[in-house]
Amino acid sequence: MHEEAVRTNPWIGKRLKQDIYNHHGFQLLPAFTILHPQHIRLLKIHGIELTENDVFPAEQNDCSPDSEYAQAVERMVAQMRDIFQEIRYSKKIPLADIRKEMIPVIHQGSEPSNLFGLLSSLQVKDDYIYRHHIGVAMIATLIGRWLHMQESELLQLSTAALLHDVGKIRIPQEILNNPDKLTEEEFEIMKKHTLFGYELIKGTVGTSHRQALVALQHHERMDGRGYPFGLKQDKIDFFSRIVMVADVFHAMTSNRVYRTPSPFYRILKEIGRNAFGVFDAKIVHVFLNKIMESLVGREVMLTDGRKGRIVMINSFDPTHPLVRVEEHFLDLSKNADAGIDRILI
C-alpha cells in the first residue's frame with residue numbers, strides 16, 4: 001500500500017469493533033484499538049481490508065447497554081463465569097484462553113479515556129464476583145501504565161489481577177453471598193481464599209510466582225494488619241500493593257449483596273486517608289492524581305444534588321477540584337458542604 005493511501009485511509013482514527021485475526025487464526029489487533037497508519041499497514045500485509053461494519057467513532061465510549069464497551073464487558077463476564085466453571089471441574093486455570101480472549105480486551109479497556117464507561121458497565125448488573133475480577137484487572141493495569149511499566153510487566157500484572165480472587169472458587173456460596181456481616185468463624189473461612197488462590201495459580205503451568213503472590217497477598221496491608229500472614233512493607237510484593245488498591249477501589253464503587261456503592265468522593269478520600277500505613281503511598285499518590293486528572297471536563301453529581309463540571313485539579317488536594325456549577329465556580333477544597341458523589345458518563 002502506498003504511503004499516501006495509508007495516510008488518507010478512511011478508518012484511521014476510528015476504533016475496531018472486534019478483534020482482528022489473520023487467515024491463520026492469530027490475533028493482529030484487539031477490539032477497541034484506535035487505528036493508526038501502522039495498523040493499516042499491518043492489516044494490508046495480511047491481506048485484510050476493513051469495512052464500515054468493523055469500526056466505530058473513537059469518541060463513542062458511552063456505557064449504554066448497546067455500547068461496544070458494555071458489550072465487551074458482558075462477553076468478559078460470561079467468559080469469566082465459564083472459566084470459573086472449568087476450574088471447578090478441572091482444578092486448573094485455562095491460562096491460554098485467558099491470555100488470548102481476555103487480556104487484550106483488558107489492556108484496551110484500561111485506557112484512561114475508557115475507564116469510567118467500563119467501570120459503569122461493571123457495576124450496573126449482578127454477577128459481582130465475575131465483574132470484580134475484570135474491574136480489578138482493568139484498574140490495576142491502568143495503575144501499571146501510570147507507573148510506566150513495560151508491556152511484559154503489564155501482562156503479568158493484568159493476569160495476576162484478573163486471578164487475584166480465584167481462590168474464592170473454594171469458598172462456600174452461602175458465605176460468599178451472605179448479605180449480613182460474617183461471623184468470626186465464617187470470616188476465617190473467607191480468608192482462606194488467599195491460600196487457595198495461591199495454590200491454584202502455582203499449580204498452573206505458565207504462571208509466575210509473582211502472580212501467585214498477588215492472590216496470596218492482596219489483603220495484606222503495609223502496617224501489618226492484613227491477612228493471611230500480617231506482612232509489612234517490603235515483605236509485600238509490589239504487584240500485590242497495586243492490586244490491593246484496585247481491589248478496594250472497585251469493591252467500594254460496586255453494588256454488592258451487603259452494601260451499596262459509596263459516594264465517589266468518599267472513596268477517593270478514604271483511599272487517600274490510608275495512603276500512609278494501609279497502602280503504598282507512591283501508588284496511592286499516582287492513582288489519585290491520575291484519576292482526578294482524567295476527570296477534568298467531565299460532568300459530576302455533587303453530594304448536595306447539584307450538577308457541575310470539573311474544570312481544574314488542585315495538585316496539593318486532588319480529591320477536591322474546582323467545579324463549575326451553572327455560571328459559578330465552586331472550590332471543593334474550601335467548601336465542606338459539597339463533594340463529588342458520582343461521575344455522570
Are Met312 and Leu288 joined in one hydrophobic group, where the rule is that I, L, V, M, F, W and Y side chains link up if heavy atoms are under 4.5 Å apart? no

Under a single-linkage definition using a 4.5 Å side-chain heavy-atom cutoff for Ile, Leu, Val, Met, Phe, Trp and Tyr, are Val300 and Phe329 assigned to the same hydrophobic cluster? no

Side chain to side chain contact (heavy atoms under 4.5 Å, CB included), that's the test. Do Leu330 and Leu332 meet it? Break it down for me. CA-CA 6 Å; Leu330 183 65; Leu332 297 184; 3.7 Å; yes

Taking atom types as modelled and ignoring hydrogens, do the side chains of Thr141 and His107 form a donor-acceptor contact shorter than 3.5 angstrom? no

Any donor-acceptor pair under 3.5 Å from Glu220 side chain to Phe229 backbone: yes

Evaluation steps, salt bridge (Lys or Arg N to Asp or Glu O under 4.0 Å), between Arg170 and Glu199: CA-CA 11 Å; Arg170 291 178 58 184; Glu199 293 168 358; 3.4 Å; yes

Atom CD of residue position Glu174 - does it have more than 12 heavy atoms of other residues, nucleotides or ligands inside 6.0 Å? yes

Please tell me if the side chains of Val166 and Phe196 come closer than 4.5 Å, counting only heavy atoms from C-beta onward. no

Between Phe238 and Asp280, is the side chain to side chain contact (heavy atoms under 4.5 Å, CB included) condition met? List the steps. CA-CA 9 Å; Phe238 192 62; Asp280 183 306; 4.0 Å; yes

CZ of Arg324: more than 12 outside heavy atoms within 6.0 angstrom? yes

Test of understanding: clusters of I, L, V, M, F, W, Y form through side-chain heavy atoms closer than 4.5 Å, transitively. Do Ile45 and Ile12 belong to the same one? no

How about Met102 and Ser158: do any of their side-chain heavy atoms sit closer than 4.5 Å? no

Heavy atoms, side chains only, cut-off 4.5 Å: are Ile242 and Leu147 in contact? yes

Does any non-hydrogen side-chain atom of Ile143 lie less than 4.5 Å from one of Val286? no

Considering all heavy atoms of both residues, which atom of Leu50 and which atom of Trp11 are nearest to each other, and what is their separation? O-NE1, 3.3 Å

Validation row: Ile139, Val136 side chains within 4.5 angstrom (heavy atoms): no

Using salt bridge (Lys or Arg N to Asp or Glu O under 4.0 Å), reason through Arg306 and Asp304 one step at a time and then give a plain yes or no. CA-CA 6 Å; Arg306 291 183 291 173; Asp304 62 8; 2.9 Å; yes

Nearest-0.5 Å distance, CD of residue Gln217 to CZ of residue Arg241: 9.0 Å

Would you compute the distance between atom NE2 of His193 and atom NZ of Lys168 and round it to the nearest 0.5 angstrom? 5.0 Å

Judged by modelled atom types alone, do Asp165 and His218 share a side-chain donor-acceptor pair under 3.5 Å? yes

For Phe187 versus Tyr227, what's the shortest heavy-atom pair and its separation? CZ-CE2, 3.9 Å

If we ignore hydrogens and angles and just use 3.5 Å, is the side chain of Asp247 paired with the main-chain N or O of Val243 as donor and acceptor? no

Indicate yes or no: at least one non-hydrogen side-chain atom of Leu176 is less than 4.5 angstrom from one of Met190. yes

Lys202 and Ala212: which non-hydrogen atoms are nearest, and at how many Å? CG-CB, 3.6 Å

Got Asp97 and Ile83 here, is their nearest side-chain heavy-atom distance under 4.5 Å? no

Considering all heavy atoms, the nearest Ala215-Tyr198 contact: CB-N, 3.9 Å

Any ion pair linking Glu49 and Lys44 (charged N to carboxylate O, less than 4.0 Å)? yes

Scanning both residues in full, the closest heavy-atom pair of Ile98 with Leu163 reads CD1-CD2, 3.8 Å

For the pair Glu299 (side chain) and Gly308 (backbone), establish whether a donor and an acceptor sit closer than 3.5 Å, ignoring hydrogens and angles. no

Transitive ILVMFWY side-chain link Leu322 to Ile340, under 4.5 Å: no

Donor-acceptor pair, Thr207 side chain versus Gly203 backbone, under 3.5 Å? no

Over all atoms of both residues, closest heavy-atom pair of Leu268 and Thr319: CB-CG2, 3.7 Å

Reported CD-to-OH distance for the pair Gln79 and Tyr130, which is rounded to 0.5 angstrom: 13.5 Å

Evaluate the side chain to side chain contact (heavy atoms under 4.5 Å, CB included) criterion for residues Ile271 and Phe287: first the C-alpha distance (whole Å), next the side-chain angles of each, then the deciding distance (0.1 Å), finally the verdict. CA-CA 10 Å; Ile271 290 176; Phe287 177 72; 4.1 Å; yes

Are more than 12 heavy atoms from other residues, nucleotides or ligands located less than 6.0 Å from atom NZ of Lys192? no

Spell out, yes or no, whether Val311 and Ile291 are grouped together once hydrophobic residues are joined by side-chain heavy atoms under 4.5 Å, including indirect joins. no

Measure the spacing between CD of Glu188 and CD of Glu186 and express it to the nearest 0.5 Å. 11.5 Å

Report yes if the side chains of Asp331 and His320 come closer than 4.5 Å at any heavy-atom pair, otherwise no. no

Yes or no on ring pair (Phe, Tyr, Trp, His ring centres under 6.0 Å) for His164 and His132, after CA distance, side-chain angles and deciding distance? CA-CA 10 Å; His164 78 285; His132 181 61; 5.2 Å; yes

Nearest 0.5 angstrom please: Lys290 NZ to Ile313 CD1, how far? 12.0 Å

With side chain to side chain contact (heavy atoms under 4.5 Å, CB included) as the test, pick out the partner of Met222 among Ile236, Leu231, Asp234. Ile236

Among Arg273, His285, Met244, whose side chain to side chain contact (heavy atoms under 4.5 Å, CB included) with Phe279 holds? Met244

With side chain to side chain contact (heavy atoms under 4.5 Å, CB included) as the criterion, how do Lys92 and Val205 come out once you've worked through the C-alpha distance, each side chain's angles and the decisive distance to 0.1 Å? CA-CA 9 Å; Lys92 298 291 183 181; Val205 175; over 6 Å; no

If you measure from CD1 on Ile201 to CG on Leu95, what distance do you get to the nearest 0.5 Å? 9.5 Å

